[in-house]
Undergrad: 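Questions regarding the structure given below will be posed in turn.
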Amino acid sequence: MLPTVAWQDNVVVMVDQRKLPGQEVYVRCKTAKEVARAISTMVIRGAPAIGVAAAMGIAVGMRRSQATGTRQFAVEFNQTCDLMAGTRPTAVNLFWAIARMKHVFGAAALAGSSVDDLKAQLEREAHAIHDEDVAACRAIGHHGATVVPERARILTHCNAGALATAGYGTALGVIRAAAAQGRVAAVFADETRPFLQGARLTAWELVREGIPTTVIADSMAGPLMRQGGLDFVVVGADRIAANGDVANKIGTYTVAMMAKAHGVPFYVAAPLSTIDRATPDGSGIPIEQRSAREITHLGPKQVVPDGAAVWNPAFDVTPHELVVGIITEVGIASPPYAASLAALFDAADSAVARPVTSGSKG
Ligand code: MRU
């Protein structure tokens, strides 16, 4: 499995996703500032991976703190959390991971932990966030494979794979699990303008595993559906509102509209950490605007004339009416989502609360 982000000798190591597939280069972040920069410059991207990187960034940053007293340590901890929170606004996993780190910090500080104990607990929590994400992706794959038709021709948009998570992937987790069961005839990857996550990253992941992959320009998905060339669509998410509206990579909304028009089931695969129960609907999701250069240039070459204005929202919101199901690690939610997503959280809470007895399969 691809090493998206790892903790090695107290350094956060990430494969530089801007350079894939041409070069496999690893970036070593020794400070929280370096991790924050890696997130905002897209060395690492994808909602769950951003959350994991931020947690590790906080842990690595606080490990280097020279503070001797807990009061000064707390000041630095809050500054480090603020630094991470300023990196990318849409992926809610970032804020979820920071909240988890704050929760652990608060509980440990209240219990009177020393600075060294606090450092150790932050590091442990970052590792837990990483490991839980891999497990969640595997479970998403397991649930998602059950709704993939036999001999499916599947479309995905952007990259919601191992590279976008701690490993295995969400939408690509579903595709991987279905492929392992022999259910996948073909995968079509939208190239995903302007950053080309589909062409560069999704195709790279799938080809490495021998899953038959065809890259198409984003504008080709509609005609492909019209020709009857697709049976199933699965994408990831950066943030899902309480009513099931889904923010994901720009272009997802168009794919969902096309899928609805052509009767192709459109599914979203995401861990519960991507569901933002505090945001009632998609209108409350902040959409990141990225640099005009992503549109005006192809690599170093300028393709848009000087003087043309550029609009470059990194994400769009797909209304819940277009989504057939939301595949999570605890099961698949169906409309109406306000109720079904809440029920999945209840199920997850009671699974955590349930005592594990010997012989239990969990
Ligand atoms: O701008 P990016 O590359 O971070 O956007 C990533 C996406 O939109 C993914 O589809 C989403 O984060 C889900 S990743 C499992």
Side-chain angles (χ1 to χ4, degrees), residues 2 4-5 14-20 38-54 87-97 130 132-134 136-141 144 155-176 189-202 204-205 218 233-240 246-256 266-276 282 285-291 294-295 312-318 323 326-329:
L2 297 166
T4 309
V5 54
M14 318 162 181
V15 64
D16 189 340
Q17 299 194 27
R18 300 166 307 180
K19 298 202 162 68
L20 290 172
I39 295 172
S40 49
T41 58
M42 311 270 279
V43 168
I44 189 163
R45 30 65 51 201
I50 290 169
V52 173
T87 52
R88 295 195 70 190
T90 305
V92 77
N93 306 63
L94 171 67
F95 306 98
W96 170 89
H130 175 280
E132 287 169 29
D133 187 58
V134 178
C137 287
R138 293 254 172 207
I140 287 169
L155 176 72
T156 190
H157 189 74
C158 193
N159 171 267
L163 289 166
T165 60
Y168 201 69
T170 56
L172 290 200
V174 172
I175 291 172
R176 282 193 165 95
D190 275 344
E191 66 174 355
T192 319
R193 275 284 286 158
F195 209 72
L196 303 182
Q197 291 94 331
R200 296 186 303 105
L201 308 177
T202 295
W204 189 65
E205 283 195 37
D218 299 347
V233 180
V234 62
V235 299
D238 280 79
R239 192 186 292 231
I240 300 174
V246 175
N248 192 47
K249 180 53 54 192
I250 189 76
T252 303
Y253 167 62
T254 316
V255 171
F266 177 92
Y267 279 85
V268 174
L272 294 182
S273 54
T274 301
I275 298 167
D276 177 5
I285 298 178
I287 300 294
E288 177 183 8
Q289 293 287 329
R290 290 193 62 87
S291 138
E294 289 181 355
I295 303 280
N312 186 18
F315 303 98
D316 59 28
V317 175
T318 297
V323 180
I326 298 177
I327 305 162
T328 75
E329 67 271 42

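Hydrogens, waters and symmetry mates play no part in the numbers below; they use all other heavy atoms, side chains included. We count ligands from 1, going down the list as the structure has it; atoms in each ligand are counted the same way.
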Undergrad: Under a 3.5 Å distance rule, please check whether Gln17 uses its side chain to pair with a backbone N or O of Leu163 as donor and acceptor.
TA: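 Yes; at least one donor-acceptor contact below 3.5 Å.
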Undergrad: With a 3.5 Å distance limit and no angle check, can you tell me whether Ser273 reaches the backbone of Asn93 through a side-chain donor-acceptor pair?
TA: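 Such a contact is absent between Ser273 side chain and Asn93 backbone.
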Undergrad: Less than 4.0 Å between a side-chain N and a carboxylate O, is that true for Asp218 and Arg193?
TA: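 Answer for the salt bridge query: no.
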Undergrad: Which atoms of ligand 1 are found less than 4.0 Å from any heavy atom of Ala47?
TA: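 In order of number, 12 (O), 14 (S).
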Undergrad: Is the closest basic N to carboxylate O distance between Glu288 and Arg290 below 4.0 Å?
TA: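 Salt bridge flag = yes for Arg290 with Glu288.
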Undergrad: Considering heavy atoms of the protein only, find what lies nearest to atom 15 (C) of ligand 1 and give residue, atom and distance to 0.1 Å.
TA: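 Nearest neighbour among protein heavy atoms for atom 15 (C) of ligand 1, to 0.1 Å: Thr170 OG1, 3.1 Å.
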Undergrad: Considering only the protein, which heavy-atom contact is closest to atom 8 (O) of ligand 1, and what is its distance?
TA: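 Checked against all protein heavy atoms, atom 8 (O) of ligand 1 sits closest to Asp238 OD1, 2.8 Å.
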Undergrad: Between Gln289 and Phe315, is the side-chain contact (heavy atoms from CB on, under 4.5 Å) condition met? List the steps.
TA: CA-CA 8 Å; Gln289 293 287 329; Phe315 303 98; over 6 Å; no
Undergrad: What protein heavy atom sits nearest atom 5 (O) of ligand 1, and how far off is it?
TA: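 Sorting protein heavy atoms by distance from atom 5 (O) of ligand 1 puts Lys249 CE, 3.3 Å first.
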Undergrad: Could you tell me which atoms of ligand 1, counted from 1 in the order shown, lie closer than 4.0 angstrom to a heavy atom of Ala164?
TA: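 Listed by number with element, the hits are 14 (S), 15 (C).
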Undergrad: Does some non-hydrogen atom of Asn159 fall short of 4.0 Å from ligand 1?
TA: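 So Asn159 counts as touching ligand 1.
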Undergrad: If you measure from each heavy atom of Ala314 to ligand 1, is any distance below 4.0 Å?
TA: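 No.
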Undergrad: Within this structure, what is the CG-SG distance for the pair Leu201 and Cys158, rounded to the nearest 0.5 Å?
TA: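 Spacing of CG (Leu201) from SG (Cys158) equals 8.0 Å.
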Undergrad: For the pair Ile327 and Val268, evaluate side-chain contact (heavy atoms from CB on, under 4.5 Å) and give the outcome as yes or no after the intermediate values.
TA: CA-CA 6 Å; Ile327 305 162; Val268 174; over 6 Å; no
Undergrad: For His157, which part has a heavy atom under 4.0 Å from ligand 1: side chain, backbone, both, or neither?
TA: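 Under 4.0 Å from ligand 1, His157 contributes no heavy atoms.
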Undergrad: Any N/O of Arg88 closer than 3.5 Å to an N/O of ligand 1?
TA: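 It does: an N or O of Arg88 is found under 3.5 Å from an N or O of ligand 1.
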Undergrad: Could you tell me whether Cys158 approaches ligand 1 through its side chain, its backbone, both or neither, with non-hydrogen atoms closer than 4.0 Å?
TA: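 Within the 4.0 Å criterion, Cys158 contacts ligand 1 through side-chain atoms alone.
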Undergrad: Below 4.0 angstrom from a heavy atom of Phe315, which ligand 1 atoms are there? Numbered from 1 as shown, please.
TA: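 In order of numbering, the contacting atoms are 1 (O), 5 (O), 8 (O).
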Undergrad: Going from CG on Leu20 to CD on Gln197, what distance comes out if it is rounded to the nearest 0.5 angstrom?
TA: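 So the CG of Leu20 and the CD of Gln197 are separated by 12.0 Å.
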Undergrad: Quick one: look at Thr274 and ligand 1, take heavy-atom pairs under 4.0 Å, and tell me if it's side chain, backbone, both or neither.
TA: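 No part of Thr274 comes within reach of ligand 1.
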Undergrad: With no hydrogens and no angle check, is any side-chain donor or acceptor of Asp316 less than 3.5 Å from a backbone partner on Gly251?
TA: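 A pair under 3.5 Å: yes.
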Undergrad: Side chain, backbone, both or neither: which part of Ala49 has a heavy atom under 4.0 Å from ligand 1?
TA: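 For Ala49, no heavy atom sits under 4.0 Å from ligand 1.
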Undergrad: Name the option, out of Ala162, Gly46, Ala237, Gly161, that contains the heavy atom nearest to atom 13 (C) of ligand 1.
TA: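 Considering heavy atoms of Ala162, Gly46, Ala237, Gly161, the nearest to atom 13 (C) of ligand 1 sits in Ala237.
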Undergrad: Which is closest to atom 6 (C) of ligand 1 by heavy-atom distance: Arg290, Arg45, Gln17, Arg239?
TA: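 Ranked by closest heavy atom to atom 6 (C) of ligand 1, first place is Arg45.
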Undergrad: In terms of side-chain geometry, is the basic nitrogen of Arg176 or Glu205 positioned less than 4.0 Å from the acidic oxygen of its partner?
TA: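 Here Arg176 pairs with Glu205 in a salt bridge, since their nearest N and O are under 4.0 Å apart.
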Undergrad: Atoms of ligand 1 less than 4.0 Å from Gln197 heavy atoms?
TA: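 What qualifies from ligand 1 is 1 (O), 2 (P), 3 (O).
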Undergrad: Atom 10 (O) of ligand 1: which protein heavy atom is closest, and how many Å away?
TA: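 I find the closest protein heavy atom is Asn248 OD1, 2.6 Å.
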Undergrad: With a 4.5 Å limit on heavy-atom distance, are the side chains of Val317 and Asn248 in contact?
TA: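 A side-chain contact is absent here, since even the closest heavy-atom pair is not under 4.5 Å.
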Undergrad: List ligand 1 atoms under 4.0 Å from Ala160, heavy atoms only on the residue side.
TA: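 Matching atoms, with element in brackets: 14 (S), 15 (C).
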Undergrad: Specify side chain, backbone, both or neither for Phe195, according to which of its non-hydrogen atoms lie closer than 4.0 Å to ligand 1.
TA: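 It is neither; nothing of Phe195 touches ligand 1.
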Undergrad: Under the 3.5 angstrom rule, does the side chain of Arg45 hit a backbone N or O of Asn159 as a donor-acceptor pair?
TA: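 Indeed, once roles are kept as given, a pair shorter than 3.5 Å links the two residues.
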